[in-house]
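Heads up, the thing below is written out as structure tokens.
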Amino acid sequence: MAPLLSQPLAGEMFPRRGEATLVDDLVERGRVVDALAALRKPAKASAQRDARLPTLAAKVESLERLFAHMDSAVWGKPKGKEGSLLVWHHAKEHIHFFKAHIVLDVPPMDLLVIVREWDLVPTWNGRNVPRAIIMDEPSLVSLRAAAELWLPSPFSNRSVAFDAEGFDVLDSHGVLAIDFATTEGAMRAMPEQLAHLEHVAFVAPSGMRIVPRSSASASAPGARATSDRCEITWTMGLDPKTLPVPSWLVDFVMSIIAPFVHKELVKVVASIKGEYAVRKQQRNTLYGPLGARCDEHVQRRLAAEPRDAAAVSMGAPSVRPRRGFFESLGFGLRPPTPHHAATA
């Protein structure tokens, strides 16, 4: 594998505008690991770039905590199963932690559009999220949002506000990732139409990991693989604030909600249409190049390790970071733990 920083920007996601804007372009696309490595190259050091190091380092550290949390043995055995969906839940003090894992036979971008276009969630999951609002979009890969969350009787619905940011760590880690949490800034920006509801909070580490897969086989001559499948791990910490809820009740409600959400999610991602299709086209500067990078990722994987071709579609770690790469940046990121090993 060629040194990461010597590789061209796959798909030329943006025009080259000189070295002065390279890091900004990488950050705009969620490629924080590449941006951090570029800043730490001695030949490229400058006072202006060095000022960005703490922020980028904090984002990489947050991803490291998120991935470690997802693969932790603390989850134990799944609490439930619905099709390919597995769900977990455990509580620590008053915080409830949830995890879900699913493999979908759709391209990663067909899932990502469902996640990124947050305000459209009520169109397919209005029972559990009656209202969803995007308050701000600082970049292509980040947003500040809020929602009304349904709770069963006798409880009343709650509101939540949060900041979310997406990351492209395909070159270094073989995944796309989303990191989200309730912040003071998001709470202060709570929309007026949700302000009357009692609030809950998303607690870090909360996020999503998307691994591009392919149904293609390296043994098929002339075949050009595409990322037509994806493996998703999602985790969320929920602080119910003034609403103490026993774990047994959460497990019961989850057993009802999970099958419904699974059914509706599979249905909506199977055919991206309506407003989702419109948004996907409008935001093609995000979905187009990122989808191409996912295709290139699975193609490189198949070409480099043909004997492990089945792993690209069956759930083994997609790529391994270069030995010593993350350590050279001061971090210990590792590939996602195989799902079966994490839950054995």
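Index from 1, following the sequence. Atom set for the values below is all heavy atoms of this structure, side chains included, hydrogens, waters and symmetry mates excluded.
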Checklist outcome for this item: So CG of Leu140 and OG1 of Thr285: to nearest 0.5 Å the spacing works out to 4.5 Å

Checklist entry - Do you know the tightest heavy-atom contact between Asn125 and Asn128? => result OD1-ND2, 2.9 Å

Item to check | Close side-chain approach of Leu197 and Glu148, heavy atoms under 4.5 Å | outcome: yes

Checklist entry - Which atom names give the shortest non-hydrogen contact between Val160 and Val200, and what distance separates them? => result CG2-O, 3.6 Å

Next on the checklist: Asp119 vs Arg279, test: side-chain contact (heavy atoms from CB on, under 4.5 Å). Steps then yes/no.
Outcome noted: CA-CA 11 Å; Asp119 57 316; Arg279 295 280 186 91; 2.7 Å; yes

Checklist entry - Heavy atoms, side chains only, cut-off 4.5 Å: are Leu238 and Phe202 in contact? => result yes

Checklist entry - Distance-only, no hydrogens or angles: does the Gln299 side chain make a donor-acceptor pair with backbone N or O of Ala225 under 3.5 Å? => result yes

Next on the checklist: Would the distance check show the side chain of Thr226 and the main-chain N or O of Asp295 forming a donor-acceptor pair, the cut-off being under 3.5 Å?
Outcome noted: no

Checklist entry - Pick from Val115, Leu112, Val175, Leu176: which one makes a side chain to side chain contact (heavy atoms under 4.5 Å, CB included) with Met208? => result Val115

Checklist entry - Considering all heavy atoms of both residues, which atom of Met109 and which atom of Gly291 are nearest to each other, and what is their separation? => result CG-CA, 3.6 Å

Checklist entry - Is there a chain of hydrophobic side chains (I, L, V, M, F, W, Y, each step under 4.5 Å between heavy atoms) that links Val269 to Val129? => result yes

Checklist entry - Below 4.0 angstrom, N of the basic side chain to O of the carboxylate: do Glu264 and Lys267 qualify? => result yes

Item to check | Rounded distance (nearest 0.5 Å) linking atom CE of Met190 with atom CE of Met187 | outcome: 4.5 Å

Checklist entry - Measuring from Leu104:CG to Leu111:CG, what's the distance to the nearest 0.5 Å? => result 6.5 Å

Next on the checklist: Side chains of Arg229 and Ser227 only: does a donor on one sit below 3.5 Å from an acceptor on the other?
Outcome noted: no

Item to check | Check: Asp168 and Leu26 side chains under 4.5 Å, non-hydrogen atoms | outcome: no

Next on the checklist: With a 6.0 Å cut-off (strictly less than), is the heavy-atom count around CZ of Phe252, excluding the residue itself, greater than 12?
Outcome noted: no

Checklist entry - With a 6.0 Å cut-off on ring centres, are Trp118 and Phe162 close enough? => result yes

Checklist entry - Hey, is Lys59 close enough to Glu165 for a salt bridge, meaning N to O under 4.0 Å? => result yes

Item to check | Sidechain-backbone polar pair: Lys99 side chain, Met70 backbone, donor-acceptor under 3.5 Å | outcome: yes

Checklist entry - Counting distance only, does the side-chain N/O of Ser206 pair as donor-acceptor with the main-chain N or O of Gly237 below 3.5 Å? => result yes

Checklist entry - Are Phe180 and Met135 grouped together when hydrophobic residues (ILVMFWY) are joined by side-chain heavy atoms under 4.5 angstrom apart? => result no

Checklist entry - Hey, any chance Leu120 and Val278 share a hydrophobic cluster, counting ILVMFWY side chains that come within less than 4.5 Å of each other, even indirectly? => result no

Checklist entry - For His101 and Glu231, what are the C-alpha separation, side-chain angles and deciding distance, and is it a side-chain contact (heavy atoms from CB on, under 4.5 Å)? => result CA-CA 8 Å; His101 179 273; Glu231 177 185 353; 2.8 Å; yes

Checklist entry - Do Phe98 and Val87 touch side chain to side chain, with heavy atoms closer than 4.5 Å? => result no

Item to check | Val60 and Phe167, any side-chain heavy atoms less than 4.5 Å apart | outcome: no

Next on the checklist: Could you check whether Glu117 pairs with Arg283 (Lys NZ or Arg NE/NH1/NH2 to Asp/Glu carboxylate O, under 4.0 Å)?
Outcome noted: yes

Checklist entry - To the nearest 0.5 Å, what is the distance between CZ (Arg31) and CG (Leu290)? => result 9.5 Å

Item to check | Contact check, side chains of Cys230 and Val106, non-hydrogen atoms, under 4.5 Å | outcome: yes

Checklist entry - Could you walk me through whether Val203 and Lys92 pass the side-chain contact (heavy atoms from CB on, under 4.5 Å) check? => result CA-CA 12 Å; Val203 178; Lys92 184 177 181 181; over 6 Å; no

Next on the checklist: Between Arg65 and Asp179, does any NZ, NE, NH1 or NH2 come within less than 4.0 Å of an OD or OE carboxylate oxygen?
Outcome noted: no

Item to check | Non-hydrogen atoms of Met254 and Pro259 that approach each other most closely | outcome: O-CD, 4.1 Å

Checklist outcome for this item: Rounded to the nearest 0.5 angstrom, the CD1-CD1 distance for Ile178 and Ile210 is 5.0 Å

Checklist entry - Would you call the rings of Trp75 and Phe97 parallel, tilted or perpendicular if under 30° counts as parallel and over 60° as perpendicular? => result perpendicular

Checklist entry - Judged by atom type as modelled, is there a donor-acceptor pair below 3.5 Å linking the side chain of Asp228 to the main-chain atoms of Ser215? => result yes

Item to check | CG-NE2 distance between Leu86 and His262, expressed to the nearest 0.5 angstrom | outcome: 9.5 Å

Next on the checklist: Side chains of Gln193 and Ile133, heavy atoms from C-beta outward: is any pair under 4.5 Å?
Outcome noted: yes

Checklist outcome for this item: For Leu66 and Gly207 the tightest heavy-atom approach is CD1-N, 3.6 Å

Next on the checklist: Within the 4.5 Å heavy-atom criterion, are Asp239 and His94 side-chain neighbours or not?
Outcome noted: yes

Checklist entry - Can a salt bridge be assigned to the pair Asp110 and Lys280 using a cut-off of 4.0 Å between side-chain N and carboxylate O? => result yes

Item to check | Nearest atoms (heavy-atom pairs only) where Thr235 meets Pro205 | outcome: CG2-O, 4.1 Å

